[in-house]
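Proteins come first, then strands; the chains are lettered A, B, ... in the order of their sequence lines, and each starts at number 1.
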Protein chains: 2
Amino acid sequence: MFPVLRCRLFGTLPGFLYPVYLDLVPVEKEHRFRYAYNKSQWQSAGKAERAQFGRLFPHPDNPIGGDQLAQNGQIISFDKVKLTNNAESTSSDQLQLNSMHKYRPRVHVFCIPKGHPLITKKGQQQLFNKEMRTVEGLKRIANGPFDYKTFLFEGTTFVAVTAYQNQLVTQKKIELNPFAKGFRDQKNEDLTDERLDSLQLSI
Amino acid sequence: MFPVLRCRLFGTLPGFLYPVYLDLVPVEKEHRFRYAYNKSQWQSAGKAERAQFGRLFPHPDNPIGGDQLAQNGQIISFDKVKLTNNAESTSSDQLQLNSMHKYRPRVHVFCIPKGHPLITKKGQQQLFNKEMRTVEGLKRIANGPFDYKTFLFEGTTFVAVTAYQNQLVTQKKIELNPFAKGFRDQKNEDLTDERLDSLQLSI
DNA sequence: GTGTTGACACCTAGGTGAAAAATT
DNA sequence: AATTTTTCACCTAGGTGTCAACAC
């Protein structure tokens, strides 16, 4: 998935482990969107489809060590997450969403001491992991005695699409994504950093 | 590295962790080898070069969980190890050896309870990892109070080469390695499973 | 002469947008 | 007509043997 969602987590300590999760919350739940070419912006286009089951993407390095975070400049990168509009998909590296709907990424971070039974006891680990597959489970866990925080990043809100609705988005991706190098030419090379009216991620 | 060294470890338990290491011990230390085409076999060809520093390849999944082993049919695969004849190379995913010398793979397995300080205390972990970079360190560790065993696999003994000395080896690799598919043709396709007089791994 | 290295074509494996085709 | 899926060429990234060139 490009662009990649990255964030930095400050205040971490070497003696602690940080299980980290990503999910995508539907915003403007009542709306389905369409792109108005004449206005160059997203507009509501009727009633939203039923929201998909709230799944969580566990960071592949979970639980991330405080020392590891320090080594990597505190950066947590979600370059491994994949998006799909297939509700039947069960792969744990995928997040499900509806095309033409608006979503906001959300990052959940736990802070667990290294000696905690959640780390050392297998049964508790498994129970925790099972709950953390869905937002519902997260809510139950969050009621427990865990150091825990959720971060919302407003600026990363996007509308999911199956085909790009805006040529500026296409050009930006061609310009910046190494895998799209084959589509680069002079026309796109000096694309100014103009403000895009919306972000889109192809699913 | 192809073919890949794989082994199965039986008698593991879910509550334990198994740090696993690979090294290559020089056999027939006093000999350097050459391949005699007329006899189709390896023969001694004078005095060996000074042995390289004894390095250990830590399995990428270390410490491997007993549950993980059970999931994978007890199989430990060393598909990530690389061989080099460059003594200056310091990468931890490489094992150093001399070309035209004979080596025997050796697998070292530790068995550590999940609650053991070696698992839970960072300082002890680091000390252990540092020692386990070399065979000398391994010997010191092996004198300590650790459940530990070394396995030698006679049948996997090989002579390191920079260029294949035996066309049967080349054909076998072309036949079986997916990355060598481009070299397959009818000539090689029905290569019988004849007994190869020696194994070779290109470095 | 023998052994080693580097450039190369050819693969695996998978991430891109373009464009055609299929679906709704 | 709008949206989604499929196929494709084109990349990144890296594992193969071949062969020419090099080193000893």
Side chain of [X] only, heavy atoms from C-beta on: which candidate in [options] is closest?
{"X": "Phe179(A)", "options": "dT3(D), dT12(D), dG3(C)", "answer": "dT12(D)"}
{"X": "Lys181(A)", "options": "dG15(D), dT3(D), dC11(D)", "answer": "dC11(D)"}
{"X": "Ser99(A)", "options": "dT4(D), dG15(D), dT16(C)", "answer": "dT4(D)"}

Quick one: closest heavy-atom pair of Ser44(A) and His31(A), and the distance?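 Minimum heavy-atom contact is OG-CD2, 2.6 Å.
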According to the interplanar angle, ranging from 0 to 90°, do the rings of Tyr148(B) and His108(B) count as parallel (below 30°), tilted (30 to 60°) or perpendicular (above 60°)?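 Judged by the thresholds at 30° and 60°, the geometry between Tyr148(B) and His108(B) is parallel.
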Going by the angle between their ring planes, with limits at 30° and 60°, are Tyr35(B) and Tyr37(B) parallel, tilted or perpendicular?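 Because their plane-to-plane angle is over 60°, the rings of Tyr35(B) and Tyr37(B) count as perpendicular.
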Lys173(B) side chain near dT16(D) phosphate (N/O to OP1/OP2, under 4.0 Å):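 No.
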What pairs of nitrogen or oxygen atoms, one from the protein and one from nucleotides 5-7 of chain D, lie under 3.5 Å apart?
residue, atom, partner, partner atom, Å
dT5(D), OP2, Asn85(A), ND2, 3.0

Residue whose closest nucleotide on DNA chain C lies nearer the 5' end, Met100(B) versus Asn177(A):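 Result of the comparison: Met100(B).
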More 5' along DNA chain C: Phe33(B) or Pro178(B), using each one's nearest nucleotide?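 Final value for this comparison: Phe33(B).
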Nearest whole Å is fine: how far is [N] [atom2] from [X] [atom1]?
{"X": "Leu176(B)", "N": "dT12(C)", "atom1": "CG", "atom2": "P", "answer": "15 Å"}
{"X": "Leu83(B)", "N": "dT4(C)", "atom1": "CG", "atom2": "P", "answer": "14 Å"}
{"X": "Phe2(A)", "N": "dG17(C)", "atom1": "CZ", "atom2": "C1'", "answer": "13 Å"}
{"X": "Met1(A)", "N": "dG15(C)", "atom1": "CE", "atom2": "C1'", "answer": "13 Å"}
{"X": "Glu175(B)", "N": "dG17(D)", "atom1": "CD", "atom2": "C1'", "answer": "15 Å"}
{"X": "His101(A)", "N": "dT3(D)", "atom1": "NE2", "atom2": "P", "answer": "12 Å"}
{"X": "Glu88(A)", "N": "dT4(D)", "atom1": "CD", "atom2": "P", "answer": "15 Å"}
{"X": "Asn98(B)", "N": "dG3(C)", "atom1": "CG", "atom2": "P", "answer": "14 Å"}

Nearest-0.5 Å distance, [atom1] of residue [X] to [atom2] of residue [Y]:
{"X": "Ser89(A)", "Y": "Lys82(A)", "atom1": "OG", "atom2": "NZ", "result": "10.0 Å"}
{"X": "Leu69(B)", "Y": "Phe16(B)", "atom1": "CG", "atom2": "CZ", "result": "13.5 Å"}
{"X": "Lys29(B)", "Y": "Lys102(B)", "atom1": "NZ", "atom2": "NZ", "result": "13.5 Å"}

Using a cutoff of under 3.5 Å, can you pull out all pairs of nitrogen or oxygen atoms linking the protein to nucleotides 20-23 of chain C, with atom names and distances?
none

Can you name the side-chain contact (heavy atoms from CB on, under 4.5 Å) partners of Leu127(A), sequence neighbours left out?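 Leu127(A) satisfies side-chain contact (heavy atoms from CB on, under 4.5 Å) with no other residue.
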Using distance only, find each side-chain donor-acceptor pair of residues 56-66 of chain A under 3.5 Å and give its atom names and separation, not counting sequence neighbours.
residue, atom, partner, partner atom, Å
His59(A), ND1, Asp61(A), N, 3.0
His59(A), NE2, Ser77(A), O, 2.9
Asp61(A), OD2, Gln68(A), NE2, 3.2
Asn62(A), OD1, Val20(A), N, 2.8
Asn62(A), ND2, Val20(A), O, 2.7

Under 6.0 Å between the ring centres of Phe2(A) and Phe179(A)?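 For Phe2(A) and Phe179(A), the ring centres are not under 6.0 Å apart.
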With sequence neighbours left out, write down each residue that passes side-chain hydrogen bond (donor to acceptor under 3.5 Å, both in side chains) with Thr170(B), or none if nothing qualifies.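 Here no residue qualifies.
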Want to settle it: does Arg32(A) or Ala180(B) sit nearer the 5' end of DNA chain D, counting the closest nucleotide to each?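 Result: Arg32(A).
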Do you know which of Thr150(B), Asp23(B), Thr156(B) makes side chain to side chain donor-acceptor pair (under 3.5 Å) with Arg106(B)?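 The single option meeting the side chain to side chain donor-acceptor pair (under 3.5 Å) with Arg106(B) is Asp23(B).
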Considering only NZ, NE, NH1 and NH2 on the basic side and carboxylate oxygens on the acidic side, decide whether Glu175(A) and Lys172(A) come within less than 4.0 Å.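 Answer for the salt bridge query: yes.
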If the sugar-phosphate is the primed atoms plus P, OP1 and OP2 and the base is the rest, what is the B/S/- string for nucleotides 18-24 of chain D, using protein heavy atoms under 4.0 Å? S------
